[in-house]
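Please read the structure below before turning to the comments.
Letters A, B, ... are given to chains in the order of the sequence lines, protein chains preceding strands, and every chain is numbered from 1. All of these numbers come straight from a predicted model, not from anything done at the bench.
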2 protein chains.
Amino acid sequence: MGKGQETRERLMDIAEASVLTKGFGATSIDEIIAEAEITKSGFFYHFRDKNQLALALLQRYVDREDELLDDLFARARELHDDPLHAFLIGLKLFAEMMADLPKGHPGCLVATCCYNERLFDSDVRELNKHALLKWRRRFLAELEKIAAIYPPKDDVDLEAVADMVTGIVEGGIVLSRALEAPQELSKQILLFRSYLKLLFMPAYN
Amino acid sequence: MGKGQETRERLMDIAEASVLTKGFGATSIDEIIAEAEITKSGFFYHFRDKNQLALALLQRYVDREDELLDDLFARARELHDDPLHAFLIGLKLFAEMMADLPKGHPGCLVATCCYNERLFDSDVRELNKHALLKWRRRFLAELEKIAAIYPPKDDVDLEAVADMVTGIVEGGIVLSRALEAPQELSKQILLFRSYLKLLFMPAYN
DNA sequence: GCCGGTACAGTACCGTCAGTACAGTTTCTG
DNA sequence: CAGAAACTGTACTGACGGTACTGTACCGGC
């Protein structure tokens with residue numbers, strides 16, 4: 001990694017931390033460059049404006065989350081051949097990971113974008129949308145494999161169930177932060193897991 | 001309502017609409033006063049600063065939502081004596097109400113606060129927390145009545161299930177907005193309803 | 001060894017926005 | 001008619017995002 005890329009990453013690290021704790025609007029460029037010990041010129045050399053910074057942050061964020069989920073559910077499939085049980089194991093691993101974050105999940109850039117709409121241009125919103133659609137496809141594929149084996153016990157739209165994973169996580173983060181209860185997110189993920197058990201597991205009564 | 005109160009309400013109406021579509025940070029006082037045809041002095045006569053405006057907006061918002069939920073679940077109890085069925089009816093009514101909003105739910109001020117943390121002082125965060133705790137109590141009371149009659153088919157923490165209502169709604173709003181799919185929120189509420197059916201209804205298999 | 005790009009530093013400036021200060025004015029109310 | 005409530009008007013400050021442009025240290029290639 002060249003020197004430029006290094007500085008760019010450092011700026012993004014500082015910005016991300018600030019955005020996730022204070023929100024995008026409350027994160028000032030002056031503050032970022034002070035912490036990075038760089039001048040304003042240096043910052044604008046790397047990012048045309050704050051929107052470009054947001055775009056870069058979001059891109060990096062969704063790539064990382066994607067990789068994390070890939071690893072996690074791949075590991076779950078290693079632990080169990082059955083798609084339902086693998087998914088349930090994956091959710092358990094996910095919940096445990098969220099529970100282990102000592103200060104709770106720092107927040108989600110996807111939702112941050114959502115609640116700061118006009119601060120971001122159409123590029124950012126498009127990227128955000130595509131990230132959510134990717135997660136929908138990811139979970140839908142798993143759910144279809146499950147439903148093929150275990151007929152669901154309620155008439156549900158599997159696409160909506162796939163979206164529910166994202167929704168539960170986003171909602172759980174809001175709850176955790178607003179209630180100052182770090183374990184809340186993990187609990188919500190486990191409740192979703194409970195739903196899948198009741199929905200798909202045959203001998204569950 | 002005196003003239004002062006009237007102006008105050010008008011300012012809050014304009015501000016609320018702007019905050020829900022653009023976010024709090026992107027809502028400028030200059031913009032609000034232009035639309036309200038009032039001077040800056042006039043604005044600061046009613047609100048000490050932007051935090052006071054946020055506090056007033058949030059207070060009014062949670063009061064309204066509270067009243068709405070009161071009416072809705074009271075109506076549901078009129079329609080069915082059994083607490084489980086009444087709750088399911090209430091959720092159905094809620095989902096229908098959310099589906100009928102032509103442009104989707106405008107967003108939730110509670111989550112807006114959550115994702116703009118530093119913009120708001122501790123008063124706002126406290127109010128936010130108390131609102132969520134009130135909803136927890138509300139739904140927990142119903143769930144306990146249900147669980148007393150219908151033993152839950154999975155070992156769940158009813159408090160977390162109560163929080164799940166709020167979480168599903170918050171998450172659903174994020175999904176709706178980010179995906180530009182107004183029906184998403186309604187679908188997520190109905191999925192939560194499906195969970196409650198599977199969790200509590202005896203002959204459901 | 002100098003040439004050109006990369007990666008910044010420095011300086012100066014502009015518009016927008018939240019917020020302050022304070023004096024003056026209208027409008028309602030007792 | 002007094003006094004409070006509900007503003008208007010004007011002038012200003014400081015933080016912030018962003019622009020513009022000049023200068024410069026470093027670094028690899030020829």
Taking the cut-offs as 6.0 angstrom to the six-membered ring centre and 45 degrees off its axis, would you call [X] and [Y] a cation-pi pair?
X       : Y       : result
A/Arg77 : A/Phe87 : no
B/Lys50 : B/Phe24 : yes
B/Arg8  : B/Tyr45 : no

Nucleic acid footprint by protein, nucleotides 4-23 of chain C - heavy-atom cut-off 4.0 Å, B for base, S for sugar-phosphate alone: --SBBBBB-----SBBB---
Salt-bridge criterion met for B/Arg136 and A/Glu184 (N-O under 4.0 Å):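 A salt bridge links B/Arg136 with A/Glu184.
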Ionic contact status for B/Arg64 with B/Glu67, cut-off 4.0 Å: no
Any side-chain heavy-atom pair of B/Ile189 and B/Arg193 under 4.5 Å: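 Answer no - side chains too far apart.
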Positional range of nucleotides in DNA chain D within the contact set of chain B, heavy-atom, under 4.0 Å: D/dA5 to D/dT10
Pairs involving residues 78-98 of chain B, ordered by first then second residue, that meet side-chain hydrogen bond (donor to acceptor under 3.5 Å, both in side chains) (sequence neighbours left out):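 For residues 78-98 of chain B: B/Arg75-B/Glu78, B/Asp82-B/His85, B/Asp82-B/Tyr150.
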